[in-house]
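The structure under discussion appears below in the form of structure tokens.
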Amino acid sequence: MTTAFAQTETPIVKLVGVDKDYHLGSVIVPALRDVSLSIAAGEFTVIAGPSGSGKTTLLNLIGCVDVATRGDVVIDGADTRQLKEKALTDLRLRSLGFIFQSFNLVGVLDAFDNVEFPLLLQGKLNKVERRDRVMGLLQQVGIEQYAHHRPGELSGGQRQRVAIARALVTQPRIVLADEPTANLDSKTGTAILELMQELNRRGTTFLFSTHDPRVVSRAGRVIRLVDGQIADLNASAEDVAALAAGAH
Amino acid sequence: MNTIVQIAFRNLLQHRRRSLLLGGAVAMVTLLLVMLSALLNGMQATMLRNGTTLSTGHVNVAGFYKITAGTAAPLVTKYEALLQAVKKQTPGLDYVVTRGRGFGKIVSEESSLNSVLTGLDIVHEAGFKEVVQLAHGNLDELARPRTALIFEKQAERLHVKVGDNVTVSSQTFRGVNNTVDVRIVAIGRDLGMLSSFNCFVHHDAIRDLYELDSSTTGAIQVYLKDAEKAAEVAAKLRTDIEKTGLRVMEPQPQPFWRKFDTVKREDWTGQKIDVTTWIDEMAFMRYTLNTLSALIFVLVTVLLVIIVIGVMNTLWMAIRERTREIGALRAIGMQRGRVLWMFVTEVALLALAATATGSLLATGLCLGLNAAKIVVPKAFQMFLMSETLWLVADVPTVARSLAIIAVVTTLGSLLPAWRASRLQPVKAMQTAS
């Protein structure tokens, strides 16, 4: 495991006593139980656990795309329970970046337009500033030559790089990545992880949901979830290795 | 926002077959609406042109003369002074003619028919010569006393031709039966409803039939440079005539021949002037147009409902296909309003392109059909007031049709687009996975 990348101890994510239930007809299915955790700015953290342990649910709550049944979720200083839908959307746009397992790019837009899109939603930068920002990021993720290719014309790795650029373009305080390497081959997955680590060194907080041992082995901290509960907030090297071996 | 328009446009291109089918349907409905509206316009234009020449002016200064309380004659006595006043006080005046009014039986050697009788001085009737197309005879001959012009269908019923004499019989306004013999000098081509019950004679023939002197006429027909100002001018003339001391009837939006019973029941004698517009005099024809308008409205409404259902279905399909995209866009910070706008824009673009295409096709088709001068069956000539199909697809008609269809089609996208905008990001992404 590499060293932790925490830059400061200021919590950028704070969950206190969070429960999340899903309703399947009349049956209530608990997905998370009494989850409390803090993540400091600059961390490179992995939420690990077996399938069905609640990793994605936890990431969705932190990403403000879902709401907790009980408990407090504080993101970048904002108590999400107090925010209306519009403010939550604004918080996502302003403070969060998303990288999805299946990329979720807009198929009819080219790589440049996909990356530029969140900036257009923000409406803060002018055209020249946006172009410079987007091209700089595409260069950083190594696909500037594919700027005018649509997702359908790119490989999986290239699409994930576009997704990473899109997640970073607004300079969010935290980037959430749900199984970012699941659809990538080993070589591309490693390259993507190296890129994320490099970005983390420059100050961006990363939070992954994964059981990919390649990701776990690079994490600064591993939060272990079992059956919707926190099993370990800072899993040991042995636990992580066991987890990695288990995942293999 | 340009990118939203770009996404909408590219999505339309990506689903070409779907866009073409829906766009084609919208274009066809637009084409139909433009064509039907053009037909209605054509009828209205023909009605205005033919009707205002044959049976009414843009404004009519006419009235009733009552010898006793229980009678009513459509006469204007001592009309010369009134004619001069009308000429002087009518704003935007083009020209004025006087017409005799009556109703009688035309009897030939073999047959007879009832007809409205209109007396005219053909030398002053420039517009009349433009509108009436002759099948046989010479219109200038109508300047001779005791002459008549009838129309083809009437000639057929009476079994007469140019040069034949017919007898016109009626009751004078004093209740005495009288007849005059007139010579057919011209047979005009049928002009639909108007020509089926109208016969034109020399003005003096009417005076002879009803035993009237030359200071009496039936109506002063006023033609304006702008027919749209008829109501305004009629109101002015009503006030001006009242000031001269003549009695003026309360305005009633009815043709003069529907006022007989009312006037007969009224307890007054002598002369009263009635000022009407062409819209009042042709109210019965406007009924035909209004009925046709209502039918077009029902037809187009039904078609629009079908289009709206089509739009909604297509959009539901598109939203289902793009649920993951919607979820991702919401997750990266796209507000609900913009999601809604994205789908509405997509339909609006399709609607605009389709309605523009439909309008262009319809305009071309109208021009083509007008140039082809297609003769419509006799039964339709009655309503069209013309022998040939005449379609008027002018800019306001096309623009109105385009706007109606484009707006309704776009409105049809609101519900699905609103539902798409209400999708929870997490559920949208889970549904897709």
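Only this structure's heavy atoms are used, side chains among them; waters, hydrogens and symmetry mates stay out.
- For residues 164-174 of chain A, every residue pair satisfying the side chain to side chain donor-acceptor pair (under 3.5 Å) rule, not counting sequence neighbours, is listed here: Asp76(A)-Arg173(A).
- Summarising the local packing, CZ of Arg419(B) is surrounded by 12 or fewer heavy atoms from other residues, nucleotides or ligands at distances under 6.0 Å.
- Taking OG1 from Thr89(A) and CG from Leu329(B), the interatomic distance works out to 12.0 Å, rounded to the nearest 0.5 Å.
- Neither the backbone nor the side chain of Phe103(A) comes within contact range of chain B; no heavy atoms are under 4.5 Å apart.
- To the nearest 0.5 Å, the span separating OG1 on Thr3(B) from CG on Leu119(A) amounts to 10.5 Å.
- Side chain of Arg324(B) to main chain of Asn104(A): no donor-acceptor pair is present (N/O by atom type, distance under 3.5 Å, no hydrogens or angles).
- Neither the backbone nor the side chain of Leu96(A) comes within contact range of chain B; no heavy atoms are under 4.5 Å apart.
- Using a 4.5 Å cut-off between heavy atoms, Asp113(A) touches chain B through its side chain atoms alone.
- Inspection of non-hydrogen atoms places no residue of residues 404-413 of chain B under 4.5 Å from chain A.
- Counting non-hydrogen atoms of neighbouring residues, nucleotides and ligands closer than 6.0 angstrom, the CZ atom of Arg70(A) exceeds 12 such neighbours.
- Across Ile332(B) and Pro118(A), no two heavy atoms sit closer than the pair CD1-CG, 4.1 Å.
- Val426(B) pairs in a side-chain contact (heavy atoms from CB on, under 4.5 Å) with only one of the listed residues (Val65(A), Thr57(A), Leu61(A)), which is Val65(A).
- The residues Arg422(B) and Glu85(A) are annotated as not salt-bridged, no charged nitrogen and carboxylate oxygen being separated by less than 4.0 angstrom.
- Other residues, nucleotides and ligands contribute only 12 or fewer heavy atoms inside 6.0 Å of the CG atom of Asp227(A).
- Of the residues listed (Gln6(B), Glu325(B), Arg10(B), Arg322(B)), the one engaging Val108(A) in a side-chain contact (heavy atoms from CB on, under 4.5 Å) is Arg10(B), and it is the only one.
- With a 6.0 Å radius and a threshold of 12 heavy atoms from other residues, nucleotides or ligands, Gln145(A) has its CD atom above the threshold.
- A donor-acceptor contact shorter than 3.5 Å links the side chain of Gln335(B) to the backbone of Lys86(A).
- When the shell of 6.0 Å around OH of Tyr22(A) is examined, it contains more than 12 heavy atoms from other residues, nucleotides or ligands.
- Distance check, rounded to the nearest 0.5 Å: CD of Gln424(B) to CG of Asn60(A) gives 11.0 Å.
- Heavy-atom contacts from other residues, nucleotides or ligands closer than 6.0 Å to CE of Met28(B) number 12 or fewer.
- Considering only heavy-atom pairs separated by less than 4.5 Å from chain B, the leading option among Leu91(A), Asp90(A), Leu109(A) is Leu109(A).
- Ranking Pro425(B), Ala331(B), Gly337(B) against chain A, the residue ahead of the rest is Ala331(B), based on heavy-atom pairs under 4.5 Å.
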